[in-house]
Trainee: 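Once you've had a glance at the structure underneath, I'll fire off some questions.
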Amino acid sequence: MNCIFCKIINKEIPSYTVYEDEIVKVFLDINPDSNGHLLIIPKKHILDISEMDNNTWKSILEITKKMKILLEEKLHIDGLTLIQNNGIVQEVKHFHLHLKPYYKEAQALLPIEDVYEKIKEHE
Ligand code: 5GP
Ligand code: ZN
């Protein structure tokens with residue numbers, strides 16, 4: 001299947017991955033609206049909200065809460081908006097939840113590598 005997000009899951013296309021487990025993957029949006037703009041996707045190919053099953057949705061929501069804490073701790077975000085597009089407003093036809101951070105003070109967009117360096121888990 002010619003799905004860009006399946007290719008990211010299979011590591012055929014690189015991504016700045018922040019978190020992953022058997023069910024979901026979280027990575028930085030390549031064209032961010034703000035610093036730390038994340039996408040949470042299911043590892044199985046699900047088109048949109050109509051195809052989403054309750055178990056996968058539950059995992060995505062649990063990880064959303066964890067990622068909010070991560071963004072607060074690592075990037076000091078002041079707000080977070082969740083967006084999930086379907087139909088003509090959905091560009092990539094593999095379910096994804098956008099996590100878009102907001103900041104009290106306007107911030108210039110940093111290079112994605114710099115955001116990744118701040119956000120990734122340090123060992
Ligand atoms: P949509 O409009 O489908 O909700 O948004 C798709 C999002 O996927 C866009 O914000 C776009 O920047 C992001 N995107 C598209 N292709 C890639 C890619 O190859 N890598 C990453 N990290 N993000 C992508
Ligand atoms: Zn896919």
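Each ligand, and each atom within it, is numbered from 1 in the order the structure gives. We use all heavy atoms of the structure for the numbers below, so side chains are in, but hydrogens, waters and symmetry mates are not. One is the number of the first residue; the rest follow in order along the sequence.
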Trainee: Using non-hydrogen atoms of the residue, decide whether Y16 is closer than 4.0 angstrom to ligand 1.
Mentor: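 Checking ligand 1 against Y16, which is what was asked, there is no heavy-atom contact under 4.0 Å.
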Trainee: Under a 3.5 Å threshold, yes or no: a donor from one side chain and an acceptor from the other, between Y116 and D114?
Mentor: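 No pair is found: no donor N or O on one side chain lies under 3.5 Å from an acceptor on the other.
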Trainee: With backbone taken as N, CA, C and O and side chain as the heavy atoms from C-beta onward, which portion of I83 lies under 4.0 Å from ligand 1: side chain, backbone, both, or neither?
Mentor: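 No part of I83 comes within reach of ligand 1.
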Trainee: Sequence neighbours excluded and cut-off under 3.5 Å, please list the side-chain donor-acceptor pairs for residues 4-14, or say none.
Mentor:
{"residue": "K7", "atom": "NZ", "partner": "N2", "partner atom": "OD1", "Å": "2.6"}
{"residue": "N10", "atom": "ND2", "partner": "C6", "partner atom": "O", "Å": "3.2"}

Trainee: Give the residue, atom name and distance (to 0.1 Å) of the protein heavy atom nearest atom 6 (C) of ligand 1.
Mentor: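 Ranking protein heavy atoms by distance from atom 6 (C) of ligand 1, first comes H96 NE2, 3.5 Å.
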Trainee: Return the name of the atom in H94, of element N, O or S, nearest to the Zn ion (ligand 2).
Mentor: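 In H94, the heteroatom (N, O or S) nearest the Zn ion (ligand 2) is ND1.
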Trainee: List the steps, then state whether ring pair (Phe, Tyr, Trp, His ring centres under 6.0 Å) holds for H98 with H96.
Mentor: CA-CA 6 Å; H98 293 261; H96 50 281; 5.1 Å; yes
Trainee: A side-chain contact here means heavy atoms from C-beta on lying under 4.5 Å apart; do H37 and L99 qualify?
Mentor: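 Not touching, per the 4.5 Å side-chain cut-off.
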Trainee: Any nitrogen or oxygen of D29, side chain or backbone, less than 3.5 Å from one on ligand 1?
Mentor: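 In this structure, D29 places an N or O atom under 3.5 Å from an N or O of ligand 1.
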Trainee: Tell me which protein heavy atom sits closest to atom 14 (N) of ligand 1, plus the residue, atom name and distance to 0.1 Å.
Mentor: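 Here the nearest protein heavy atom works out to I30 CG2, 4.0 Å.
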Trainee: Taking 4.0 Å as the limit for heavy-atom contacts, which would you say applies to L28 with ligand 1: side chain only, backbone only, both, or neither?
Mentor: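 It is the backbone that gets close, since no side chain atom is under 4.0 Å.
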Trainee: Is it the side chain, the backbone, both or neither of Q84 that has a heavy atom closer than 4.0 Å to ligand 1?
Mentor: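 Looking at Q84 and ligand 1, no heavy atom falls under 4.0 Å.
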Trainee: Where's the contact between F95 and ligand 1, heavy-atom distance under 4.0 Å: side chain, backbone, both or neither?
Mentor: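 The answer is neither; F95 stays 4.0 Å or more away.
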Trainee: Could you tell me, atom by atom, which parts of ligand 1 come under 4.0 Å of a heavy atom of F27?
Mentor: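 Within the 4.0 Å cut-off of F27, ligand 1 contributes 21 (C), 22 (N).
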Trainee: Take Q107 and S34, measure what side-chain contact (heavy atoms from CB on, under 4.5 Å) needs, and give me the verdict at the end.
Mentor: CA-CA 8 Å; Q107 281 203 1; S34 63; over 6 Å; no
